[in-house]
Amino acid sequence: MSSLQHIAKHPTISLVETCKCLREIKQIHTQLLINGLLNNPHHQGHFVASIALKHPNNLDYSNKILDQCDNPTLFALNTMIRAHSKSTNPQKSFHFYNNILQSSTKLSPDNYTFTFLVRTCAQILACETGLTVHATVIKHGFEHDPHVQSGLVFMYAEFGLLSSSMRVFAEISEPDMVTQTAMIAACAKSGDVVFARYLFDRMPHRDLIAWNAMIAGYTQCGQSLKALNLFHLMQLEGVRVNEVSMVSALSACTHLGALDQGRWAHAYIEKNRIRITVTLGTALVDMYAKCGDMNKAMEVFWEMKEKNVYTWSAAMNGLAMNGFGEKCLELFSVMKQEGVEPNEVTFVSLLRGCSVVGLVEEGRMHFESMRKVYGIEPQLEHYGCMVDLYGRAGRLDEAFDFMNNMVVKPHAGAWGALLNACKIHKNMELGELASRKLVELDAKNHGAYVLLSNIYADSKNWNRVSNVRETMKVKGVRKVPGCSVIEVNGEVHEFCVGDRSHPKFAEIEVKMEEMSKRLKLSGYVTNTNPVLFDIEEEEKEDALGLHSEKIAIAFGLFSLQESVPIRIVKNLRVCWDCHVVTIMISKIYNREIIVRDRNRFHHFKDGECSCKGYW
DNA sequence: TTAGGGTTAG
């Protein structure tokens, strides 16, 4: 009894802390009630709050207790708003906010209330409500509270309203470090990483989270090299990194395909005993998978004690990208056995796995199970995967039928998949239709025009080839410049189309001439027809064979030891010509070449490619 | 007795 009295007088957190489950809490609750120890609203409030904080994923019980209270305290209601803002049902926060407004004891919301409420609005993207809450904040005079301010900056960024975040931020005379960091993250989220860096450079003090926000900002904006450089600068400045920094660093390595740097990061994590959380583990799996070391990816995967749906989806996607379709399907079975619920992303990985090895029936079955078994409505991506699945397997009519029977209107991705299949299986008629649709939906899609012209060229229909070319000029279609990245001794080298800026370009040129000669001796005929054209200025580069992956291969041939595979990451799809050339080079030079393009991995060895033409 | 900023899969 005396211990219960003690607990009722003092924070009941300690009591709730000792409970392993809600059942124990309920028992204690009953005892406290019987002994009249919860008559004091403050004790009651505190008891509820500690339950809500201890069991954020099961708020029903604390909700029930609070709803039975006659006069809940502001403290208790604030805590409930906070707990719900982070829960799966943030909407419920408003219920407790209304309790404050309508309380018989005339409670008035305070700075805590608004800090939590703003978070709820951000969480559920309640844009209009968020604006109302902001107005109420001003009405109550809390707009100068730093916690509320950083919350508003965050909230507007979540809404995609960077200018509103900016406006809030600009009105703060001396923003503190937390608010500055929120602003950096907000800029990065909207793609304005330059302004984020401007703010970062002017921060009087930068802690670990500020560094992490800036590094993540570069990663999110696709500026992976800058992310890695900043990560290294952080270490030079003696800031201790944590698992969040490592996730961003790994993510940068993943995008670059920088396996050596990624391996170094992994070693660094182990050496510094950085805790491998689910997120960090998933980042490691994804890095190894997307850098082409699938064995290591799976090794890390199986070593992870805790995995979530992100981890499983990343591993499955890796297997699909690397061409291990059957293994991808097997992993899906294991995942289900382990009781992990798949989501829509898991199915994208799964369908890709089916596609890459031509498992049409399995793919169709899984696609249908999405809605029937898992209650997941297929999205455009899934439809695109199905078209790809039929198309690659050469079942073009079925692909087309599938598109005609889609619940939603086929999007550019689906037509693109069909067009690609038409190119592979040389179906000019359907290809023409697909590309017309693609151009309608996405008039600036360079790939659509190139694929269409390739289809015409395959059937030697040169008039049409030049028509396509004319249309491109008229519509001002421009290609995203192709860039390839290669890593040599842990250093990342980036080459773009026709890029001569590399310090070793003279050596590269010599190597390319040699490659060209040896290719010709092996029977390679340079493309002299106007087929695989790009646009104007790039045409000249093409004549010299200056596609970025060719430059990178040339550089790799003389920079890397013969036993080391040449690993290249390209931002676009490998072009058909480069694919042919790379197959030949792998034989002529007896080198293993691994190219990751936008879609998948190509392992070139002994004059063959792992994609077996399902390019 | 309740605060605010940084991280993963398509």
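Throughout, a chain's letter reflects where its sequence line sits, starting with A, and its residues are numbered from 1.
- Distance CZ (A:Phe169) to C1' (B:dG4): 14 Å, rounded to an integer number of Å.
- Taking the six-membered ring for Trp, A:Tyr383 and A:His411 have ring centres at least 6.0 Å apart.
- Taking the six-membered ring where the residue is Trp, the centroids of A:Trp211 and A:Phe231 are separated by 6.0 Å or more.
- Two rings, from A:His140 and A:Phe114, have their centers less than 6.0 Å apart.
- Among the heavy atoms of the strands lying under 4.0 Å from A:Ala216 are primed sugar atoms or P, OP1, OP2 only; no base atom is included.
- A ring pair (Phe, Tyr, Trp, His ring centres under 6.0 Å) with A:Phe367 holds for exactly one of A:Phe402, A:Tyr390, A:Tyr374; it is A:Phe402.
- In this entry the distance linking CG of A:Leu319 with P of B:dG10 reads 13 Å, nearest Å.
- An OP1 or OP2 oxygen of B:dA3 is reached within less than 4.0 angstrom by a side-chain nitrogen or oxygen of A:Arg82.
- For residues 304-313 of chain A, every residue pair satisfying the side-chain hydrogen bond (donor to acceptor under 3.5 Å, both in side chains) rule, not counting sequence neighbours, is listed here: A:Thr282-A:Thr311, A:Asn308-A:Thr311, A:Ser313-A:Thr346.
- Proximity note for A:Glu381 (side chain, C-beta onward) versus B:dG4, B:dG10, B:dT7: the nearest is B:dG10.
- Seen from the ring of A:Tyr112, A:Arg82 does not count as a face-on cation partner, given the 6.0 Å and 45° thresholds.
- Residue side chain A:Ser313 does not reach the base of B:dG10 through any donor-acceptor N/O pair under 3.5 Å, judged by distance alone.
- Contact annotation: A:Lys290 side-chain N/O to B:dT8 OP1/OP2 distance is not under 4.0 Å.
- In this structure, of B:dT2, B:dA9, B:dG4, it is B:dT2 that holds the atom nearest to the side chain of A:Asp110.
- Looking at A:Asn78, its side chain has no donor and acceptor atom pair within 3.5 Å of the base of B:dA3.
- A:Glu344 comes within contact range of at least one nucleobase, with a heavy-atom separation under 4.0 Å.
- Comparing B:dA3, B:dA9, B:dG10 by their nearest atom to the side chain of A:Val309 picks out B:dA9.
- Sorted pairs that involve residues 220-239 of chain A and meet salt bridge (Lys or Arg N to Asp or Glu O under 4.0 Å), not counting sequence neighbours, are lacking altogether.
- Between A:Asn317 and B:dA9 there is no side-chain N or O to OP1 or OP2 distance below 4.0 Å.
- A:Ala185 comes within contact range of the sugar-phosphate backbone alone, with a heavy-atom separation under 4.0 Å but no base atom that close.
- A stacking contact between A:Phe75 and B:dT1 is absent: the pair does not combine a ring-centre distance of less than 5.5 Å to the base's six-membered ring with planes differing by less than 30°.
- In this structure, the CD1 atom of A:Ile376 is 13 Å from the C1' atom of B:dG10, given to the nearest Å.
- B:dA9 atom C1' lies 11 Å from atom CE of A:Met335, rounded to whole Å.
- Atom-to-atom, CE of A:Met177 to P of B:dG4 comes out at 15 Å; the value is rounded to the nearest Å.
- A:Asn308 contributes no side-chain N or O that forms a donor-acceptor pair with the base of B:dA9 under 3.5 Å.
- The stretch residues 136-154 of chain A comes close to DNA chain B through A:Asp145, A:Pro146, A:His147, A:Ser150, A:Phe154, each having a heavy atom under 4.0 Å from the strand.
- Using a 4.0 Å heavy-atom criterion, one finds that A:Thr115 contacts the bases of the nucleic acid, with or without backbone contacts as well.
- Regarding A:Ile215, its CD1 atom lies at a distance of 16 Å from the C1' atom of B:dT8, rounded to whole Å.
- Each of B:dT2, B:dT8, B:dG4 was ranked by its minimum atom distance to the side chain of A:Thr279; first place goes to B:dT8.
- Using a 4.0 Å heavy-atom distance criterion, A:Thr346 is classed as making no nucleic acid contact.
- For B:dT7, the OP1/OP2 oxygens have a side-chain nitrogen or oxygen of A:Gln220 closer than 4.0 Å.
- Across A:Thr120, A:Leu117, A:Thr113, a single residue satisfies side chain to side chain contact (heavy atoms under 4.5 Å, CB included) together with A:Val133, and that is A:Leu117.
- In this entry the distance linking NZ of A:Lys86 with P of B:dT2 reads 13 Å, nearest Å.
- Of the listed nucleotides (B:dA9, B:dA3, B:dT8), B:dA3 has the atom at the smallest distance from the side chain of A:Phe116.
- Using a cut-off of 4.0 Å between Lys/Arg side-chain N and Asp/Glu carboxylate O, A:Lys296 and A:Glu299 are scored as salt-bridged.
- Checking B:dG10, B:dT7, B:dG4 against the side-chain heavy atoms of A:Gln379 singles out B:dG10 as nearest.
- Between A:Arg275 atom CZ and B:dT7 atom C1' the separation is 12 Å, expressed in whole Å.
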